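Reading through the structure tokens given below for one structure.
The model shown is predicted, which means the values in this text are computed figures rather than measured ones. Numbered from 1 within each chain, the chains take letters A, B, ... in sequence-line order.
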There are 2 protein chains.
Amino acid sequence: MRKEHSTNAMNEQFLFGVCELNSAIAVISGRWKSQIVYSVSRGYNRFHLLKRELPNISEQVLGRQLKELETHAILVKKEIAGTVPIGIEYILTNKGLDLVPILESLCNWGKTYEGKEIAACR
Amino acid sequence: MRKEHSTNAMNEQFLFGVCELNSAIAVISGRWKSQIVYSVSRGYNRFHLLKRELPNISEQVLGRQLKELETHAILVKKEIAGTVPIGIEYILTNKGLDLVPILESLCNWGKTYEGKEIAACR
DNA sequence: GCAATAACGAACAAATTTGTTAGTCTAAAA
DNA sequence: TTTTAGACTAACAAATTTGTTCGTTATTGC
């Protein structure tokens, strides 16, 4: 858990106060997060689909990251009506949708300056 | 140091291969980094100016973050001619300059959806 | 009845990041 | 001549993130 009064935590709060940029980056940082947002935006919007897309992630970690994205209101869980057992899909909120083009810019920026890899972004 | 063959490090590599987005985010993540880029872009381009802008950062941490930004070619160090002792200023590279508008989008995105704080972004 | 799939949660451990302590070097100011 | 400012580096410690192990619930297929 968070220490709340550690220098680190207080510095984080300080930066959040300096500019929203810092809280924005805090939301999208983290090992799998922006890739999950990106994958969901392309239709991989169920737990097992994401698992298949990101074979190296463990279910526990995937669940945790999804919950954090939900906490930050980037996506919401939705039960798929008429499925038994109840299927769940993840839907990007407006906040999440607005994030996607920014992630695309970041992707292009990365491609421009690192180049050469097979670009899987589109 | 990096363990190089830890699951964590390998997952990071995996993501780097999936999409440049992930390496881009790796570059701008980190407690003070994007704020430093932003501050440098607004002219706070010397060690002591950055220290004044970010009073909570320790010199050691500031030096480390600047070095990492240099490693990722976001900025370069430049000696200021004719100063004794030699003054040093930090200059954004093209890569760094191209990043700034993306950081601005992130900032605006943050402001749109979190709102209410005094926006120090401009 | 027994395994498999979909979707996770809690607790603990390993890895990584962030901050701290101590110290360097040069030159001008007090 | 002792202090101060600018610009840092190395090594270690604290905090935080990421991954692992074990367990759950419910239903369909064999």
Let me know the distance between [atom1] of [X] and [atom2] of [N], rounded to the nearest Å.
X     : N      : atom1 : atom2 : answer
A:E68 : D:dG19 : CD    : C1'   : 13 Å
A:N56 : D:dG19 : CG    : C1'   : 12 Å
A:L15 : C:dT18 : CG    : C1'   : 12 Å

Exercise. Under 4.0 Å between a side-chain N/O of B:Y90 and OP1 or OP2 of D:dC8, yes or no?
Worked result: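 Yes, such a contact exists.
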Exercise. So, is A:W32 near the phosphate of D:dG19, with a side-chain N or O under 4.0 Å from OP1 or OP2?
Worked result: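 Checking D:dG19 against A:W32, a side-chain N or O does come within under 4.0 Å of OP1 or OP2.
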Under 3.5 Å, which donor-acceptor pairs do the side chains of residues 87-95 of chain B form with other protein atoms, sequence neighbours left out?
residue	atom	partner	partner atom	Å
B:E89	OE1	B:N45	ND2	3.3
B:T93	OG1	B:A73	O	2.6
B:T93	OG1	B:I74	O	3.1
B:T93	OG1	B:K95	N	3.3
B:T93	OG1	B:G96	N	3.0
B:K95	NZ	A:E114	OE2	2.8
B:K95	NZ	B:H72	O	2.9

Set of side chain to side chain donor-acceptor pair (under 3.5 Å) partners for [X], sequence neighbours left out:
X     : answer
B:Q60 : B:S58
B:N56 : none
B:S39 : B:Q35

For this session: Would you mind reporting whether B:F14 and A:W32 have side-chain heavy atoms less than 4.5 Å apart?
Result: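 Sidechains of B:F14 and A:W32: in contact.
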For this session: Return the 5'-most residue of the pair B:E59, A:G30 with respect to DNA chain D, ranking by each residue's nearest nucleotide.
Result: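 Looking at the nearest nucleotide for each, B:E59 comes out on the 5' side.
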For this session: Taking only heavy atoms on the protein side, list every residue of residues 6-14 of chain B lying under 4.0 Å from any atom of DNA chain C, sorted numerically.
Result: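 Going residue by residue through residues 6-14 of chain B, the ones with a heavy atom under 4.0 Å of DNA chain C turn out to be B:S6, B:N8, B:A9.
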For this session: If a pair satisfies salt bridge (Lys or Arg N to Asp or Glu O under 4.0 Å) and one of its residues is in residues 57-68 of chain A, list it, with sequence neighbours excluded.
Result: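 Applying salt bridge (Lys or Arg N to Asp or Glu O under 4.0 Å) to every pair that reaches into residues 57-68 of chain A, excluding sequence neighbours, yields A:K33-A:E68, A:K51-A:E59.
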Exercise. Honestly curious: do A:V76 and A:Y38 fall in one hydrophobic cluster under the side-chain, below-4.5 Å linking rule?
Worked result: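 A:V76 and A:Y38: separate clusters.
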For this session: Report the C-alpha distance between A:I28 and A:V37 in whole Å, list the side-chain angles of each, state the deciding distance to 0.1 Å, and finish with yes or no for side-chain contact (heavy atoms from CB on, under 4.5 Å).
Result: CA-CA 9 Å; A:I28 60 173; A:V37 173; over 6 Å; no
For this session: With sequence neighbours left out, write down each residue that passes side-chain contact (heavy atoms from CB on, under 4.5 Å) with A:A26, or none if nothing qualifies.
Result: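 So A:A26 forms a side-chain contact (heavy atoms from CB on, under 4.5 Å) with A:F16.
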Exercise. If every non-hydrogen atom of B:L21 is compared with every non-hydrogen atom of A:S34, which pair is closest and at what distance?
Worked result: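 Minimum heavy-atom contact is CD2-O, 4.0 Å.
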Exercise. How large an angle, rounded to 10°, do the end axes of the helix from C:dG1-D:dC30 to C:dA30-D:dT1 enclose when each is built from five base pairs?
Worked result: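 Here the local axes at opposite ends form an angle of 20°.
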Exercise. Can you list the other members of the hydrophobic cluster that holds B:M10, where links are side-chain heavy atoms under 4.5 angstrom apart?
Worked result: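 Noted: B:M10 shares its cluster with no other residue.
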For this session: Show your working on side-chain contact (heavy atoms from CB on, under 4.5 Å) between B:L99 and A:L106 and close with a plain yes or no.
Result: CA-CA 8 Å; B:L99 183 56; A:L106 271 171; 4.3 Å; yes
For this session: Kindly state which residues belonging to residues 45-55 of chain B come within less than 4.0 angstrom of DNA chain D, counting heavy atoms of the residue only, listed by number.
Result: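 Listed by number, they are B:R46, B:F47, B:H48.
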Quick one: which protein N/O atoms are closer than 3.5 Å to N/O atoms of nucleotides 9-12 of chain C? Pair and distance per line, please.
residue	atom	partner	partner atom	Å
C:dG9	O6	A:Q60	NE2	3.2

For this session: Could I get the full list of salt bridge (Lys or Arg N to Asp or Glu O under 4.0 Å) partners for A:R31, not counting sequence neighbours?
Result: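 So A:R31 forms a salt bridge (Lys or Arg N to Asp or Glu O under 4.0 Å) with B:E12.
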